[in-house]
Amino acid sequence: MDAVSKKNISIRVNGVEHTREVEPRLLLVHFLRDVVGLTGTHIGCETSICGACTIMLNDNAVKSCTVLAVQADGADVLTIEGLAQGEKLHPIQEAFWECHGLQCGFCTPGMILITHQLLVRNPQPTEDEIRHALDGNLCRCTGYQHIVDAVQYAAEAMRRRPMDKRQGKEQSRAKAQRTPR
Ligand code: FES
Ligand code: FES
């Protein structure tokens with residue numbers, strides 16, 4: 001049988017371009033973990049239910065187990081590894097730490113990325129809005145209240161600190177998407 005024909009793709013992950021030949025059936029989550037070697041994005045269900053594999057794809061939170069790597073050709077991806085600035089944790093990571101928003105940590109990268117999307121689009125969410133934003137991400141350990149507390153803590157911290165360059169850009173793009181043309 002003929003080998004599956006591979007496609008040449010290029011995806012910018014956390015600001016670094018990765019060009020590789022991949023099989024068309026390769027999932028984005030496997031590209032990130034097995035090809036690029038960034039294992040912070042977790043795999044839980046592989047059926048779009050748990051949200052453990054959530055990443056940002058061109059500023060939209062997506063479940064990377066439901067996207068083919070070839071569909072992300074030319075895209076910008078942000079994973080959990082891209083949030084901290086060197087040794088300095090991102091305020092959302094600090095908030096999860098401070099509020100005990102994790103136990104085993106398996107769901108945490110996905111929870112943090114979905115929180116990132118929420119706070120870029122809505123810097124002052126209500127508790128209901130937070131719970132609604134997180135409803136596609138499952139946690140088997142925490143009972144959720146500490147996660148909701150962490151999101152509120154992060155929202156407060158992010159409102160108080162000056163925006164970094166990337167946040168500024170993301171927020172302007174989110175605003176432009178909301179503005180009717
Ligand atoms: Fe992707 Fe569960 S592994 S949603
Ligand atoms: Fe264990 Fe969420 S902290 S699954």
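Residues: numbered from 1 along the sequence shown. Quick note: numbers below take in every heavy atom, side chains included, and nothing from hydrogens, waters or symmetry partners. Bear in mind the structure is a predicted one, so any value in this text is a computation, not a measurement. All ligand and atom numbering here is 1-based and tracks the order in the structure.
- Within the listing of ligand 2, atoms 3 (S) sit less than 4.0 angstrom from a heavy atom of Gln103.
- For ligand 2, the atoms sitting less than 4.0 Å from at least one non-hydrogen atom of Gly105 are 1 (Fe), 3 (S), numbered in the order shown with element in parentheses.
- Formation of a donor-acceptor pair under 3.5 Å by the Lys63 side chain with backbone atoms of Gly136 is found in this model.
- Not a single donor-acceptor pair under 3.5 Å links the side chain of Arg33 to the backbone N or O of Leu38.
- Using a 4.0 Å cut-off to heavy atoms of Cys139, the atoms of ligand 2 that qualify are 2 (Fe), 3 (S), 4 (S).
- Close approach of ligand 1 to Ser48 is summarised as follows: ligand atoms under 4.0 Å from at least one heavy atom of the residue are 4 (S).
- A donor-acceptor pair under 3.5 Å is formed between the side chain of Asn14 and the backbone N or O of Thr79.
- Ion pair Arg12/Glu17 flagged as a salt bridge, since at least one NZ, NE, NH1 or NH2 atom sits closer than 4.0 Å to an Asp/Glu carboxylate oxygen.
- Cys45 lies close to atom 2 (Fe) of ligand 1, since one of its N, O or S atoms is found at a distance under 2.8 Å.
- The heavy atom nearest to atom 4 (S) of ligand 1, out of those in Gly51, Ser64, Cys107, Gly44, is found in Gly51.
- The main-chain N or O of Phe106 is found under 3.5 Å from a side-chain atom of His42 such that the two form a donor-acceptor pair.
- Close approach of ligand 1 to Glu46 (heavy-atom distance below 4.0 Å) involves ligand atoms 2 (Fe), 3 (S).
- Judged purely by atom type and a 3.5 angstrom limit, Glu81 uses its side chain to pair as donor or acceptor with the backbone of Gly40.
- At least one N/O/S atom of Cys50, whether from backbone or side chain, sits less than 2.8 Å from atom 2 (Fe) of ligand 1.
- Contact annotation: Cys104 places no N, O or S atom under 2.8 Å from atom 2 (Fe) of ligand 2.
- Checked by atom type, the side-chain pair Glu46/His30 shows a donor-acceptor distance below 3.5 Å.
- Shown in contact with Ile49 at under 4.0 Å from a heavy atom are these atoms of ligand 1, numbered in order with element: 4 (S).
- Residues Glu23 and Lys7 are not paired through a salt bridge, judged by the lack of any N-O separation under 4.0 Å between the basic side chain and the carboxylate.
- Atom numbering of ligand 1 starts at 1 in the shown order; those under 4.0 Å from a heavy atom of Cys65 are 1 (Fe), 3 (S), 4 (S).
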